[in-house]
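To start, the structure itself, in structure tokens.
Fair warning: this is a prediction, and the values are worked out from it, not measured in the lab. Residue numbers start from 1 in every chain, and the chains themselves are labelled A, B, ... in the order their sequence lines are given, proteins ahead of strands.
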Amino acid sequence: MIQSPALQVVDLCKNFGALRVTQEVSFHLPVGHRRALIGPNGAGKTSLIHQITGVLRPSSGTVSLEGTNIVRHSIQQRVRQGLVRTFQINSLFPDLTVIDNVRLAALAARGLHRSFGLTVDHRSLIAVEIERLLSTLGLVELGTVKVSHLAYGKRRLVEIALALALKPKVLLLDEPAAGLSRQEISVLVRVLRALPKHIAVLIVEHDMELVFEYAESISVLVQGRLLRTGTVDEVRSDREVRDVYLGRRHV
Amino acid sequence: MNSPEPSATLDVAASAVANSLITRTVSAWRVEFAVLAAVMIFYAFGQDYLALASTALVTAIFVLSLDLIVGYAGIETLGQAAFFGIGAYAAGLYALHVGTDPIIGLAVGAIAGALVGYLSGEVILRTGGLSLLMLTLAVASVIQEIANTATSITGGADGLSGYSIAPIFGLFQFDLAGKTAYFYSATVLIVGLAICRFIVESPFGLSLRGIKGNVTRAALLGIGTHRCLVAVYVISAALAGLAGALSAQISGVVGTDSLSFVVSGNAMVMLILGGVGRLYGAVIGAIVFVVISDQAASVDPKNWLLFVGVLLILAVRFAPTGLAGVLTALGRRMG
Ligand SMILES: Nc1ncnc2c1ncn2[C@@H]1O[C@H](COP(=O)(O)OP(=O)(O)OP(=O)(O)O)[C@@H](O)[C@H]1O
Ligand SMILES: [Mg+2]
């Protein structure tokens, strides 16, 4: 028996008027696979993530999670099914503390966000989860700080903590390293490396050092079309990819 | 060996546990204790002003209901009086036609408020911002118009009166001096405060604060934001209805002015004055407003509202986090 891929996208198309932002995109992510999605600014990477997660409705094509077509599922349903993303632009709860941000995600992931009180078991479960996430992301000291008082780089890490608290099976990261310091990037890479083996990751990133270091394979998106998908070495040495994207930024 | 030390240590430990339990209880319930203390102290010195004090306490419950939605869920409203008035009419009609038990009357008021809160909230909470504000206003106006028209039920402009209320738990008769009404209102306020605090500190309360801060993101966490908003709207409407019922019981009259925009608007002023989103701010704001407007009205019966307006402008200018915010800052400065 063949295991269904964690995520499968088939013939996805999306037009914004005359702009064909996604053109017949097909790819799949095996369970636990770590894939990078690269491409020039405006190539349609974020739009693709929007369609996978349900923020944007594709013009045609299918998105399947563990073999189930989820094109008609709401955003919330997809999240509950384990399809989780982070945002290119931070999207957090500014007036809540770091702990409360993560707590809210951890509660929501377990369907406890509407309860008026928690059992002792649930309470300790949530506390342990928060503790674990904050310590992996190096945020323990900042736990009681309001997110609106955090530096940008730290907010990016809280964004990751929120995503992980949702217990993803497929994690879509939209430029997680943008605006991070070298040191924060190394925390990020360590966290991404330490993710549970079964989580499939699709990471959109312009930081090629991070991509080459972290990804098992790379897909290249140009003007809404998938130009190439291959191993890191294949894509790195591909002439066409160099011409349209890598050549201009990386040796 | 039977040395005395272990048991002595145990005693010390036990008393330490008991002490810390007491400290923790007092600190967890400090707001309720503070209100209780204030109620007792006022009773000792302010016997002549019990009627005014009861009004302030009932108003505090009403403003508390407003803080629950405005301060914690970000639902802006100018129609909260609809639920207060509905609760008042429901309790008045119940006393007039069905039964005189005050506690059941309170429940009737709360249920009536909740019902109308659910029916309107389910629809209007699909919008937000300015349109929501206008819709809350519209709902309240429609209800007031109905009350004005349905004179056979509501008594129209004359309102409801001439009903009596039985002693509370069959024990405490409502007296002319207003002592029973005073302690009755105080008890309901303290219980209401405790319930609100329980709600806002719960996971549900955290979800509300999340929705208030970033509704899109809350939805992306898998939180059904509309359901949460409707739920808190219903709870708030129930509490407002309860306050209305209480008002009907202790004043003995219900009028269409209980449904009016002025009641909604004033409550919003009180909440801003006291401090939004901290519960006790609602209590402080209501009490300060009721006392000041009573004083101002006796000094200058014509222009007192102007005075209140100036007060609000000053409050917003010099204490944007409300009186409660000022208190908190003072407390922090003094350690
Ligand atoms: N809602 C929209 N309506 C119309 N055009 C849009 C919309 N959203 C995005 N676009 C356009 O679609 C194209 C792709 O945008 P997208 O944000 O997906 O690119 P991207 O690959 O994520 O770029 P970047 O690397 O800068 O983040 C851009 O030209 C953008 O202007
Ligand atoms: Mg993008």
Toward chain A, the part of B/A218 with a non-hydrogen atom under 4.5 Å: both
Are there more than 12 heavy atoms of other residues, nucleotides or ligands under 6.0 Å from atom CZ of A/R193? yes
Options A/S115, A/A163, A/A165, A/A108, ranked by heavy-atom pairs under 4.5 Å with chain B, top entry: A/S115
Please examine the side chains of B/R209 and A/D95, heavy atoms only from C-beta on, and report whether any two atoms are closer than 4.5 Å. no
Counting distance only, does the side-chain N/O of B/R217 pair as donor-acceptor with the main-chain N or O of A/S91 below 3.5 Å? yes
If you round to the nearest 0.5 Å, how far is CG of B/L220 from CG of A/L162? 10.5 Å
Selection from B/G213, B/G210, B/C228, B/A231 maximising heavy-atom pairs under 4.5 Å formed with chain A: B/G210
Residue A/R80 versus chain B: region with a heavy atom under 4.5 Å: side chain
First locate atom CG of A/L107, then atom CD1 of B/I223, and finally report the distance between them rounded to the nearest 0.5 Å. 8.0 Å
Region of A/R78 that comes under 4.5 Å of a non-hydrogen atom in chain B: neither
If you count every heavy atom of other residues, nucleotides or ligands that lies below 6.0 Å from A/H73 atom NE2, does the total exceed 12? yes
Taking C-beta and beyond as the side chain, do B/L221 and A/L104 meet within less than 4.5 Å on heavy atoms? yes
For residues A/L96 and B/L206, determine if any side-chain heavy atom of one lies less than 4.5 Å from a side-chain heavy atom of the other. yes
Taking the side chain as every heavy atom from C-beta outward, state whether B/P203 and A/L112 have any pair of such atoms under 4.5 Å apart. no
Looking only at heavy atoms, which two atoms of B/F204 and A/F116 are closest? And how far apart? CD2-CE2, 3.4 Å
Using modelled atom types only, decide if a donor and an acceptor are shared between the side chain of B/S202 and the backbone of A/G117 within a distance under 3.5 Å. no
